[in-house]
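Encoded as structure tokens, the structure appears first; notes follow it.
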Amino acid sequence: MIYSPFESFRNEVKCLLNNALKELYPEVHTELELEIPPPGHGELAFKAFTLARELHENPLVIAKRIQKKISSTIEKGKLIAKVIAENGYLNFFVNIDALASTIHESYMNLGEKYGFNPVKESKRIIVEFLSANPIHPIHIGGARNAFLGDSIARLLTWRGHKVRRHYYVNDMGRQVAIAAYGYMLLGKPKLWTKSDHAIGFIYAVTSTLLDLRKYKINLERAKALGLDEYYSNLLRKIDSLVSVLSELRQQSTEVFDRLVDEFNKREDPEAEINHMIWAYENRDPKTVDLIKGVCNLVLEGFKETLSKVGIFFDSFDWESEITSWSGMTKNILELLKRTKYVSFSKGTLVFNANALINQRPWLRTKLNIPENYEVPPLTLIRSDGTTLYTTRDIAYTLWKFKRADRVINVIGMDQKVAQLQLKLALIALGYEEEAYNLVHCGYELVSLPGMSMSGRRGKYITLDHMIDEAVRRAKVEVEKRSPGLTEDEKQRIAEIVGIGAIKYALISVSPLKQVVFKWENVLSFERNSAPFIQYAHARAFNILAKAGKVARDAKPYKGYIQDPIERDLIILLSKFPDVISEAADKLRPDLLAEYANNLALLFNSFYDKLPVLRARPKELMLTRLWIVRIVQVVLKNALNLLGIEAPKRM
RNA sequence: GGCCCCGUAGCUCAGCAUGGAUAGAGCGCGGGCCUUCUAAGCCCGAGGUCCCGGGUUCGAAUCCCGGCGGGGCCGCCA
């Protein structure tokens, strides 16, 4: 069974090279490293420089000698056509007919699943992603997470793993309590707009009021103590909060005024919120009802939004139920206390992560911790006895490992330290294997031009807004280009194209790069965008549709692949399964996005230059039709693995 | 202050792990292509101190050291 044609070619090259090297230089044992040469120099290259240094010989001479040896052993009809020594490189040229028929063989076996490239040992993998706090709508930062996580889950499935998507509902945090507090102050009102948007508003107002109150208290103290600098500093902060509030007020004046009113009647909101956190952790029925209610309202909104972008979860894991009410976090705290890495400090329990590292210095290499970096201690419980996020996350992680061999957490880079502390805590508890199988798939955050987003201040662009805008703009394009379609068709295409554009924009950049959100970048419908790739797919599909029954006879005929564009296309198509394995193993969907764009680019050139249905003789037509078929399948699969739909027409 | 990530064409980015053959795309700019499978397209062109300075090397965008600029983290937040 051939999954990866290009891999077959690579293996043949390696085999030939190995044999030649064994005979020519039996004393040398170098690891064979092959690279992709620049255009015109074959498809795989072996660099003779390293070998040359070892043998103290001229690389050009060595390359020539190996070439001579290998040339005689190349078998006709196999994947290597010829080998040429140039500039100290040994360049291998692929036999395009053989490569095409290898692809064809793989396609005949896998059919529409061409590109499926399973690992030898399939694993149970949990991908935890999004897990946005249920206190405000999903914004563009959350969208990056959601698209990334979804695509990674899809890729891992195509790598033969058993993948499950989990959403961790953080219902125990302070933020949720704040949102619920505001909701309670309003008397649990009927919501005036989409539930997650409404709660997001209540949360932003309540949270800002809380901060304002805190600053004001500090201000009086500062005044009394005569701390002038601190005083004016606070004054500035208060000023900015006041302007945030006046902006918020404009969004929903009536609710805002009522909330401020109720808030100001309260003696000590801070204490009430702390009590709520405590009560929820201790499963007080009324508090449970309130907080769970608020979370469910927001989650309802999330699910509506996510279904629009085709993202679904296998499981919603409630933090409260799994980690706290089950007693698991308590048990873990007991176990942690017995290790020598936990101590009492100022009335709280602290995990000294660094003490663990000092005792086992090799962990630095294993976990990629910089030489002189001191991992900050982790506070495990508040002085009132309630637990903290990362503490509960230890319990949740172990829960996940009861159900999976590997756990991938798609979480922003801003939580790097917390994820590291989590791993170290697992090791302290004796779960070393689990720590190594826990992968933090991090990505840099999305910001707005000139500022970062803030849920606490209600400053964000929501995914809902982004979808509406994208679909609206796509609709305009569809109207312009395909006026003949029915209204339903136009709407459907606009949705596929608009949503695809957003997804591609957020997935195609490397996770290490921060994204500054600009509408014109996200809503691009030109090259290097989802619509560009979708368009190429629609064109390919169209040719196949026009070919009708003839398409069934499409296959590569020997000697009919002559144009360089056809050659390049076939080589690129042969690499698709390789790209899948690399993107999946490295958790880098952006690599797949780049591949899809390159394939679309090349296919469009092919489309423009070489006629398919009108090509004669018949063998040429059928060969080209076959190329179109494989391009269509690969583009569709690549798009789908990015979570993007491949339209049949546009 | 300590640590992490990023810095490549006017703009958005790929390439950097494993150093090697002319540093690649897209947007934008200039020019050309629709009686031929959908022009959301194709072709041609201009455009680069690969942030700066050292070092390692026969060879550095890529590795090391030191700066500069942007972002993040260092909480009884998540």
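Each chain gets a letter, A, B and so on, in the order its sequence line appears, and its residues count up from 1.
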Aromatic ring proximity A:Tyr89/A:His41, centre distance under 6.0 Å: no
Sugar-phosphate, base or nothing in reach of A:Leu613, heavy atoms under 4.0 Å: base
Distance-only donor-acceptor test (3.5 Å): side chain A:Ser605, base B:C42: no
Selected nucleotide, minimal atom distance to A:Glu594 side chain, candidates B:A14, B:C37, B:C76: B:A14
Separation of B:G41 C1' from A:Gln534 CD (nearest whole Å): 15 Å
Any donor-acceptor N or O pair under 3.5 Å, side chains A:Asp590, A:Ser510: no
Nearest non-hydrogen partners of A:Glu319 and A:Thr323, listed with the distance: O-OG1, 2.7 Å
Side chain of A:Val509 - closest among B:A40, B:A39, B:C13: B:C13
Electrostatic pair A:Glu489-A:Lys648, nearest N-O below 4.0 angstrom: no
Residue met sooner reading RNA chain B from 5', once A:Phe525 and A:Ser508 are mapped to nucleotides: A:Ser508
Sugar-phosphate, base or nothing in reach of A:Val628, heavy atoms under 4.0 Å: nothing
For A:Lys513, all residues meeting side-chain hydrogen bond (donor to acceptor under 3.5 Å, both in side chains), sequence neighbours excluded: none
Touch class at under 4.0 angstrom, heavy-atom based, for A:Ile369 against every strand present: nothing
Interatomic distance where CG belongs to A:Leu625 and P belongs to B:C37 [whole Å]: 16 Å
Flag side-chain contact, heavy atom, 4.5 Å: A:Leu349 against A:Thr391: no
First of A:Gln421 and A:Phe606 reached from the 5' end of RNA chain B, by closest nucleotide: A:Phe606
Summary of protein contacts for nucleotides 17-32 of chain B, nucleotide by nucleotide, where a base hit scores B, a sugar-phosphate-only hit scores S (4.0 Å, heavy atoms): BB-BBB--SSS-----
Anti versus syn assignment for B:C34, with syn defined as within 90° of 0: syn
Any-strand Watson-Crick or G-U partner of B:U22, both distances under 3.5 Å: none
d(CD1, A:Ile543; P, B:C37) in whole Å: 10 Å
Greater than 12 external heavy atoms within 6.0 Å of A:Lys475's NZ: yes
Pairs touching residues 526-552 of chain A that satisfy ring-ring contact (aromatic ring centres under 6.0 Å, His included), sequence neighbours left out: none
Any strand: nucleotide that pairs with B:A39 via Watson-Crick or wobble, under 3.5 Å: none
Pairs touching residues 592-604 of chain A that satisfy salt bridge (charged side-chain N to carboxylate O under 4.0 Å, His left out), sequence neighbours left out: none
Integer-rounded Å distance: B:A78 P and A:Leu445 CG: 17 Å
Between B:G75 (P) and A:Ile381 (CD1): distance, integer Å: 18 Å
A:Tyr167 and A:Asp317: CA distance, side-chain angles, deciding distance, side chain to side chain donor-acceptor pair (under 3.5 Å) verdict: CA-CA 6 Å; A:Tyr167 186 112; A:Asp317 307 336; over 6 Å; no
A:Thr348 vs B:C76: side-chain N/O to OP1/OP2 distance below 4.0 Å: no
C1' spacing across the pair B:A9 / B:A25, given as an integer number of angstrom: 11 Å
B:C34 and B:A61, which share atom name C1', separated by this distance in whole Å: 42 Å
Nearest-angstrom distance from the residue atom CG of A:Leu591 to C1' of B:A14: 10 Å
Spacing of the C1' atoms in B:G54 and B:A60 (rounded, Å): 13 Å
Separation between CZ of A:Arg144 and NE2 of A:His139, rounded to the nearest 0.5 Å: 13.0 Å
Distance between P atoms of B:G53 and B:G41 (Å, rounded): 40 Å
Watson-Crick or G-U wobble mate for B:A9, both contacts under 3.5 Å: none
Non-neighbouring partners of A:Thr387 that pass side-chain hydrogen bond (donor to acceptor under 3.5 Å, both in side chains), sequence neighbours left out: A:Glu281, A:Arg392
P atoms of B:C29 and B:C73, separation to the nearest Å: 38 Å
Partners meeting side chain to side chain contact (heavy atoms under 4.5 Å, CB included) with A:Asn368 (sequence neighbours left out): none
Separation between the C1' atoms of B:C51 and B:C6, rounded to whole Å: 12 Å
B:A78 OP1/OP2 closer than 4.0 Å to side-chain N/O of A:Tyr389: no
Check the interface with nucleotides 66-68 of chain B: list each N/O to N/O pair with the protein under 3.5 Å, or write none.
none

Protein proximity profile, nucleotides 3-11 of chain B - base contact B, sugar-phosphate-only contact S, no contact -, cut-off 4.0 Å on heavy atoms: SSSSS----
B:G2 and B:U8, which share atom name P, separated by this distance in whole Å: 25 Å
Side-chain N,O (A:Arg481) to OP1/OP2 (B:G41) below 4.0 Å: no
Contacts of A:Asp553 that satisfy side chain to side chain contact (heavy atoms under 4.5 Å, CB included) - sequence neighbours left out: A:Leu622
Atom pair distance, as rounded to whole Å: CE in A:Met650 and C1' in B:A39: 12 Å
A:Asn409: side-chain hydrogen bond (donor to acceptor under 3.5 Å, both in side chains) partners, not counting sequence neighbours: A:Lys400, A:Gln419
Phosphate OP1/OP2 of B:C77 contacted by A:Arg382 side-chain N/O (<4.0 Å): yes
Distance in angstrom units between A:Asp590 CG and B:G15 C1', rounded: 12 Å
For A:Tyr181, all residues meeting side-chain hydrogen bond (donor to acceptor under 3.5 Å, both in side chains), sequence neighbours excluded: A:Glu272
Base-pairing mate for B:G2 - Watson-Crick or G-U, with both contacts under 3.5 Å: B:C73
Expected rows: protein N/O vs nucleotides 33-36 of chain B N/O, under 3.5 Å:
from: B:U36; atom 1: O2'; to: A:Arg614; atom 2: NE; distance (Å): 2.9
from: B:U36; atom 1: O2; to: A:Arg614; atom 2: NH2; distance (Å): 2.5

Listed nucleotide nearest any side-chain atom of A:Arg539, set B:C74, B:C76, B:A39: B:A39
P atoms of B:G47 and B:C3, separation to the nearest Å: 42 Å
Pairing partner (Watson-Crick or G-U wobble, both distances under 3.5 angstrom) of B:G47: none
Pairing of A:Arg473 and A:Glu469 as salt bridge, 4.0 angstrom limit: no
